[in-house]
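Scroll down for the structure; my scribbles are underneath it.
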Amino acid sequence: MAYWLVKSEPFKYAWDKMVADKRTHWDGVRNYQASNNLKAMKIGDRCFFYHSNEGLAIVGIVEVVKEYYPDDSDPAGRFGMVDVAAVAPMPNPVTLAQIKGDPRFAELGLVRQSRLSVSGVSDEAWAQICELGGYKG
DNA sequence: GCCAACGTTGGC
DNA sequence: GCCAACGTTGGC
C-alpha cells in the first residue's frame, strides 16, 4: 500500500464537505506531476487530506476507492481523476508549521514542493505524522 | 496583498 | 529545443 498527500482549499472543498459526501471525485488536477501521482494510486492507498491557504494542516485521512480515469471536466482530455472516500479525521490536525519544524520531514513533498497538489508520502513519514496527530490506524 | 517558486506558453 | 514572459499557487 502506498501513501499520499492531497491538498484542498477549504473554501473550495473542505474536510467537512468530504465527510458529508463520504466519497468524492478528486478532480480538477491540471498538473502533470500531480496527475502522474494520481495515476500511480491504487485502490486501498491512503492519503492525508491537507487544507491549503486556510488552516494549513493535515485534517483527515481518505482512501482511494477508484483508480485513475478520465476527468471529464478537462476539455482537453489530458488529465484524469480518482475517487476517494473519507476514512477518519486527524484527532489533532498536524500543521504545516509542525511539519516544517521537524527535520524528519525535510524530504516530504509538501515541504520540498509546496505547490504540488498531489504528492507522495513515505511509509516512515506517514507513521510519524499519524503519531503526531494522535491517529491510530 | 505581496512575493517566491515553479509550470506553461510561445517566439525564435 | 531554448529561453523569456507570463500565469498560478500557496505561504506569510
Side-chain angles (χ1 to χ4, degrees):
Chain A
M1 195 207 295
Y3 299 106
W4 310 92
L5 181 144
V6 295
K7 292 187 189 179
S8 183
E9 302 170 42
F11 51 85
K12 237 172 115 189
Y13 195 87
W15 172 252
D16 286 349
K17 181 102 166 55
M18 177 79 245
V19 171
D21 289 350
K22 294 192 175 63
R23 169 182 176 140
T24 192
H25 310 298
W26 204 264
D27 62 358
V29 170
R30 295 291 181 270
N31 170 287
Y32 285 109
Q33 223 180 322
S35 183
N36 282 337
N37 286 332
L38 288 182
K39 265 183 207 165
M41 287 183 184
K42 300 290 176 204
I43 287 177
D45 282 0
R46 300 243 158 148
C47 317
F48 286 132
F49 189 107
Y50 174 81
H51 275 168
S52 64
N53 276 310
E54 285 172 26
L56 306 183
I58 292 167
V59 292
I61 289 162
V62 299
E63 180 174 325
V64 177
V65 292
K66 180 168 179 177
E67 292 176 15
Y68 191 86
Y69 62 106
D71 178 352
D72 51 23
S73 75
D74 174 20
R78 275 182 278 187
F79 297 101
M81 59 187 174
V82 299
D83 286 4
V84 296
V87 172
M90 191 57 89
N92 308 304
V94 179
T95 65
L96 181 64
Q98 274 177 280
I99 290 168
K100 279 193 157 176
D102 192 327
R104 290 181 300 176
F105 303 129
E107 297 301 308
L108 203 62
L110 183 66
V111 175
R112 300 192 61 175
Q113 258 190 290
S114 64
R115 290 186 50 208
L116 191 59
S117 60
V118 183
S119 56
V121 176
S122 68
D123 293 2
E124 295 77 27
W126 180 271
Q128 287 159 358
I129 290 171
C130 285
E131 199 187 333
L132 282 177
Y135 175 73
K136 318 267 185 242

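Residue numbers begin at 1 in each chain, while the letters A, B, ... track the order of the sequences.
In this structure, the side chain of A:Asp71 engages the main chain of A:Gly28 through a donor-acceptor pair within 3.5 Å.
If you take CG of A:Leu96 and P of C:dG11, they are 6 Å apart, rounded to a whole angstrom. For A:Tyr32 and B:dT9, the OH to P distance is 7 Å, given to the nearest whole Å. The distance from atom CG of A:Asn36 to atom C1' of B:dG7 is 14 Å, rounded to the nearest whole Å. Residue A:Arg115 contributes atom CZ, which lies 5 Å from atom C1' of B:dC6 at whole-angstrom precision. The separation between A:Asn31 atom CG and C:dG7 atom P is 18 Å, rounded to whole Å.
Counting any heavy atom pair closer than 4.0 Å across all strands shown, A:Leu116 reaches no nucleic acid atom.
A:Trp4 CH2 to A:Arg46 CZ: the interatomic distance, rounded to the nearest 0.5 Å, is 15.5 Å. Rounded to the nearest 0.5 angstrom, A:His25 NE2 and A:Asp72 CG are separated by 8.0 Å. Rounding to the nearest 0.5 angstrom, the gap separating the CG atom in A:Leu5 from the CZ atom in A:Phe49 is 10.5 Å.
Contact annotation: A:Gln113 side-chain N/O to B:dG7 OP1/OP2 distance is under 4.0 Å. Side-chain nitrogen and oxygen atoms of A:Lys100 include none within less than 4.0 Å of the OP1 or OP2 phosphate oxygen of C:dG10. Under 4.0 angstrom from either OP1 or OP2 of C:dG11 there lies at least one side-chain N or O belonging to A:Tyr50.
Between A:Met90 and A:Cys130, the closest heavy-atom pair is CE-CA, 4.5 Å. Across every non-hydrogen atom of A:Val118 and A:Ala34, the tightest pair is CB-O, 3.9 Å. Contact between A:Lys7 and A:Leu116 at its shortest, heavy atoms only, is CE-O, 3.3 Å.
Out of C:dG10, B:dT8, B:dG7, the shortest distance to the side chain of A:Gln33 is found at B:dG7. Here C:dG11 is the nucleotide among C:dG11, B:dG7, B:dC6 with the atom lying nearest to any side-chain atom of A:Asn53.
Using a 4.0 Å cut-off on heavy atoms, the residues of residues 5-13 of chain A that approach DNA chain C are A:Lys7, A:Glu9, listed by number.
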